[in-house]
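Written out below as structure tokens is the structure these notes cover.
Just so we're clear, the structure is a prediction, and the values are computed from it rather than from any experiment. Below, all heavy atoms of this structure are taken into account, side chains as well, without hydrogens, waters or symmetry copies. Indexing begins at 1, ligand by ligand and atom by atom, following the structure's order.
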Amino acid sequence: MIKTPTAQIIPGTQCVISPQVPLNGFTTLNVGGAAQWFVAPESIQDLQAAYRWAQEYDLPITVLGAGSNLLISDQGLPGLVIATKHLRRIKWDKETGQVTAGAGRALPQLAHHAARLGWSGMEWSVGIPGTVGGAVVMNAGAHGGCAADYLVSALVLEPDGCLSVVTGSDLAYGYRSSVLQGTQRLVLQATWQMEPEQDPQRVKATTQEHLNQRLSTQPYHLPSCGSVFRNPQPHTAGWLIEKVGLKGYQIGQAQVAERHANFILNRGGAKAMDVFQLIRHVQACVSERWDVLLHPEVKILGEFA
Ligand SMILES: Cc1cc2nc3c(=O)[nH]c(=O)nc-3n(C[C@H](O)[C@H](O)[C@H](O)COP(=O)(O)OP(=O)(O)OC[C@H]3O[C@@H](n4cnc5c(N)ncnc54)[C@H](O)[C@@H]3O)c2cc1C
Ligand SMILES: NC(=O)C1=CN([C@@H]2O[C@H](COP(=O)(O)OP(=O)(O)OC[C@H]3O[C@@H](n4cnc5c(N)ncnc54)[C@H](OP(=O)(O)O)[C@@H]3O)[C@@H](O)[C@H]2O)C=CC1
Ligand SMILES: C=C(O[C@H]1[C@H](O)[C@@H](CO)O[C@H](OP(=O)(O)OP(=O)(O)OC[C@H]2O[C@@H](n3ccc(=O)[nH]c3=O)[C@H](O)[C@@H]2O)[C@@H]1NC(C)=O)C(=O)O
């Protein structure tokens, strides 16, 4: 066991592993306690070293993208939190029409950049404030498109320390689901097949249309984690929640958004427990009225006892 909680530098790397790093600033909900240990590796090699370090001390590992789909406990997280934010390398290959991006690259950046180039295929992703890695794991989607659609491959760090290249069919994609969820497999980069040489004005217009639609139907003015629940087909969670009269309902500083009932907003200073209790309250009301159990899309991490 490590006795004193001071920053550790892994020999031969640039990896600084820091103790007790608050995570609220690393999530779009802006809630959550501290990571027992935290690292944001600058390279794949450093990330592998950090991963091995955690395994050596038998610590659980949590991967953090942009934290845009996370509800982290006020009590924080045990073990090592690995942030991918520095893995941002990107390559637009004109020969193949493929884009390869590091796990920490922001998804909207990809969408805007593709639009400027006149490459079609990522228009759906504008306005989703996640990373490439998070999108591959969550199968992020919107406006009829999703990460799985044109995924060629992803580079994955496996728990045994080896790197593997997986394809979309290896990941058994479904609606907001993949086999990577709930595992210790870490996405390092992803490659998508795009349609290059399209009219940039047209790609830009579609991208902007999606962003406008989002900004007019979803609340972007306060911290949130996007849709809290998956849509229970054939219904939509927003409709079911609105119809039980929960728009505006608040626990502590967590509130069901007026603009979209499947969003929970942090009105300032909310605790993770406020959000958690609100999630449970919404589930109970919807279940009682509609006999439908809403399943959270947001990943709930840590203790909520
Ligand atoms: C305003 C707003 C709008 C949103 N709109 C949409 C939308 O339209 N469609 C949609 O699908 N989602 C949407 N979301 C939710 C969220 O942006 C997506 O789920 C996104 O894909 C999460 O990416 P992330 O990098 O933030 O992942 P995180 O939230 O950091 O992590 C999510 C999960 O993926 C894991 N993970 C992250 N990166 C990696 C990696 N490199 N390797 C292995 N595991 C990893 C984490 O451990 C966690 O389990 C929205 C969120 C917000 C705040
Ligand atoms: N409610 C919440 O919890 C959160 C809300 N948001 C909001 O989500 C919305 C998302 O909008 P979106 O534009 O998708 O993402 P962002 O505004 O977050 O932009 C992401 C990146 O995309 C690039 N970019 C943005 N606009 C353009 C443009 N017009 N042309 C070229 N590049 C551009 C920029 O990269 P570069 O600088 O490299 O060019 C930018 O850093 C914003 O309103 C943001 O404020 C974001 C995070 C959390
Ligand atoms: C934001 C996310 O993804 C979003 C994605 O951005 C949008 C756009 O493609 O479509 C899904 O939302 P959604 O199903 O709520 O889409 P919307 O178009 O806003 O609403 C669907 C229907 O529900 C109704 N609706 C929505 C909200 C509400 O408060 N009340 C209501 O009645 C709308 O009127 C509409 O008829 C994704 N959510 C899920 C859980 O699948 C996310 O996953 O975090």
Task: For atom 21 (C) of ligand 3, closest protein heavy-atom neighbour - done: Thr236 CG2, 3.8 Å
TODO: With rounding to the nearest 0.5 Å, note down the distance linking CG in Leu71 to CG in Leu278.
DONE: 10.5 Å
Task: Backbone N/O of Gly252 and side chain of Gln250: donor-acceptor pair under 3.5 Å - done: yes
Open item on the list: Using every non-hydrogen atom in the two residues, find where Gly226 and Ser224 come nearest and quote the distance to one decimal.
Closed with: N-OG, 3.1 Å
TODO: Could you tell me if any non-hydrogen atom of His143 lies under 4.0 Å from any atom of ligand 1?
DONE: no
- [ ] Write down the atom of Asn231, the atom of Asn262, and the distance for their closest heavy-atom approach.
- [x] OD1-ND2, 4.5 Å
Open item on the list: Regarding ligand 3, does Arg214 bring an N or O atom to under 3.5 Å of one of the ligand's N or O atoms?
Closed with: yes
Open item on the list: Residue-level breakdown please: for Ala147 versus ligand 1, do any non-hydrogen atoms fall below 4.0 Å on the side chain, on the backbone, on both, or on neither?
Closed with: neither
Task: Leu87, Ile128, Leu180, Ile72: member with heavy atom nearest to atom 13 (C) of ligand 1 - done: Ile128
Task: Heteroatom proximity flag, Arg176 to ligand 3, N/O under 3.5 Å - done: yes
Open item on the list: So that I can tick it off, tell me whether Glu242 and Lys247 are bridged by a salt bridge, with the cut-off set at under 4.0 angstrom between side-chain N and carboxylate O.
Closed with: yes
Task: Closer than 4.0 Å: a protein non-hydrogen atom to atom 34 (O) of ligand 3 - done: no
Task: Shortest non-hydrogen separation from Cys15 to Asp46 and the atoms involved - done: SG-O, 3.3 Å
Task: Residue from Val137, Leu157, Val166 passing side chain to side chain contact (heavy atoms under 4.5 Å, CB included) with Arg185 - done: Val166
Open item on the list: Taking the six-membered ring for Trp, are Tyr249 and His281 closer than 6.0 Å centroid to centroid?
Closed with: yes
Open item on the list: Please state which option from Gly134, Cys225, Pro219 has its nearest heavy atom closest to atom 21 (O) of ligand 1.
Closed with: Gly134
- [ ] Give the atoms of ligand 3, by number and element, whose distance to some non-hydrogen atom of Phe263 is under 4.0 Å.
- [x] 1 (C)
TODO: For ligand 1, find out whether one of its N or O atoms is nearer than 3.5 Å to an N or O atom of Ser68.
DONE: yes
TODO: Record the part of Thr131 in heavy-atom contact with ligand 1 below 4.0 Å; permitted values are side chain, backbone, both and neither.
DONE: both
Task: Side chain Trp119, main chain Arg116, donor-acceptor under 3.5 Å - done: no
- [ ] Establish whether atom 23 (O) of ligand 3 and some protein heavy atom are separated by less than 4.0 angstrom.
- [x] yes
Open item on the list: Can you tell me which portion of Lys243 lies within the under-4.0 Å heavy-atom range of ligand 3? Options are side chain, backbone, both, or neither.
Closed with: neither
Open item on the list: Please report whether ligand 1 has a polar contact with Gly67, defined as an N or O pair separated by less than 3.5 Å (distance criterion only).
Closed with: yes
Task: Ser227-ligand 3 polar pair, N/O distance under 3.5 Å - done: yes
TODO: Record the part of Glu242 in heavy-atom contact with ligand 3 below 4.0 Å; permitted values are side chain, backbone, both and neither.
DONE: side chain
- [ ] Between Gly104, Cys146, Pro129, Gly145, flag the one that comes closest to atom 2 (C) of ligand 1 by a heavy atom.
- [x] Pro129
- [ ] Quick one: do Val256 and Val282 satisfy side-chain contact (heavy atoms from CB on, under 4.5 Å)? Show the steps, please.
- [x] CA-CA 9 Å; Val256 176; Val282 170; 4.1 Å; yes
Task: Contact atoms of ligand 3, heavy-atom distance to Gly226 under 4.0 Å - done: 44 (O)
- [ ] Could you tell me whether some N/O pair between Arg214 and ligand 1 is separated by less than 3.5 angstrom?
- [x] yes
- [ ] Between Ala103 and ligand 1, find which residue part has any heavy-atom pair under 4.0 Å and reply side chain, backbone, both or neither.
- [x] side chain
TODO: Considering only non-hydrogen protein atoms, determine which one is nearest to atom 8 (C) of ligand 3 and report residue, atom name and distance to 0.1 Å.
DONE: His143 N, 4.0 Å
Open item on the list: For atom 41 (O) of ligand 3, what is the closest protein heavy atom, and at what distance to 0.1 Å?
Closed with: Tyr175 OH, 2.7 Å
Task: Side-chain donor/acceptor of Trp37 to backbone N/O of Val81, under 3.5 Å - done: no
Task: Identity and separation of the nearest protein heavy atom to atom 7 (C) of ligand 3 - done: Gln218 NE2, 3.8 Å
Task: Sub-4.0 Å atoms of ligand 3 with respect to non-hydrogen atoms of Phe229 - done: 40 (C)
- [ ] Could you say whether the N/O atoms of Ala261 and ligand 3 ever approach to under 3.5 Å?
- [x] yes
TODO: Please identify which atoms of ligand 3 are closer than 4.0 Å to at least one heavy atom of Ala142.
DONE: 6 (O), 9 (O)
Task: Lys91 and Gln98: side chain donor to acceptor below 3.5 Å - done: no
Task: Part of Glu297 within contact of ligand 3 (heavy atoms, under 4.0 Å) - done: side chain
Open item on the list: Taking 4.0 Å as the limit for heavy-atom contacts, which would you say applies to Asn69 with ligand 1: side chain only, backbone only, both, or neither?
Closed with: both
Task: Nearest protein heavy atom under 4.0 Å from atom 10 (O) of ligand 3, yes or no - done: no
Open item on the list: Tell me whether Tyr173 contacts the main-chain N or O of Val179 through its side chain, where contact means a donor paired with an acceptor under 3.5 Å.
Closed with: no
- [ ] Considering only non-hydrogen protein atoms, determine which one is nearest to atom 14 (O) of ligand 3 and report residue, atom name and distance to 0.1 Å.
- [x] Asn231 ND2, 2.8 Å
Task: Within-cut-off N or O pair, Gly226 and ligand 1, under 3.5 Å - done: no
Task: Whether Gln189 side chain and Ala103 backbone form a donor-acceptor pair below 3.5 Å - done: no
- [ ] Mark the output for Thr62 as yes if a heavy-atom distance to ligand 1 is under 4.0 Å, and as no if none is.
- [x] no
Task: Element-labelled atoms of ligand 3 that are located less than 4.0 Å from some non-hydrogen atom of Lys247 - done: 29 (O)
Task: Any non-hydrogen protein atom less than 4.0 Å away from atom 31 (C) of ligand 3 - done: yes
Task: Gln253 and Arg267: side chain donor to acceptor below 3.5 Å - done: no
Open item on the list: Is it the case that ligand 3 has an N or O less than 3.5 angstrom from some N or O of Thr217?
Closed with: no
Open item on the list: At under 4.0 Å between heavy atoms, is it the side chain or the backbone of Ala142 that contacts ligand 1, or both, or neither?
Closed with: side chain
Task: Spatial distance of atom CG (Asn30) from atom SG (Cys225) [nearest 0.5 Å] - done: 12.5 Å
Task: Short N or O distance, Arg176 and ligand 1, threshold 3.5 Å exclusive - done: yes
Open item on the list: Give me the nearest non-hydrogen protein atom to atom 25 (N) of ligand 3 as residue plus atom name, then the distance to 0.1 Å.
Closed with: Trp239 N, 3.9 Å
- [ ] Any salt bridge (Lys or Arg N to Asp or Glu O under 4.0 Å) involving residues 194-213? Give me the pairs, sequence neighbours left out, ordered by first then second residue.
- [x] none
Open item on the list: For Gln181, which part has a heavy atom under 4.0 Å from ligand 1: side chain, backbone, both, or neither?
Closed with: neither
Task: Straight-line distance of Gln184 CD to Ile61 CD1, nearest 0.5 Å - done: 5.0 Å
Open item on the list: Just to confirm my output: which protein heavy-atom neighbour is closest to atom 18 (O) of ligand 3, and how far is it?
Closed with: Gln213 NE2, 4.8 Å
- [ ] Would you mind checking which non-hydrogen protein atom is closest to atom 19 (O) of ligand 3, with the distance to 0.1 Å?
- [x] His260 NE2, 2.9 Å
Task: Under 3.5 Å: N/O of Gly65 near N/O of ligand 1 - done: yes
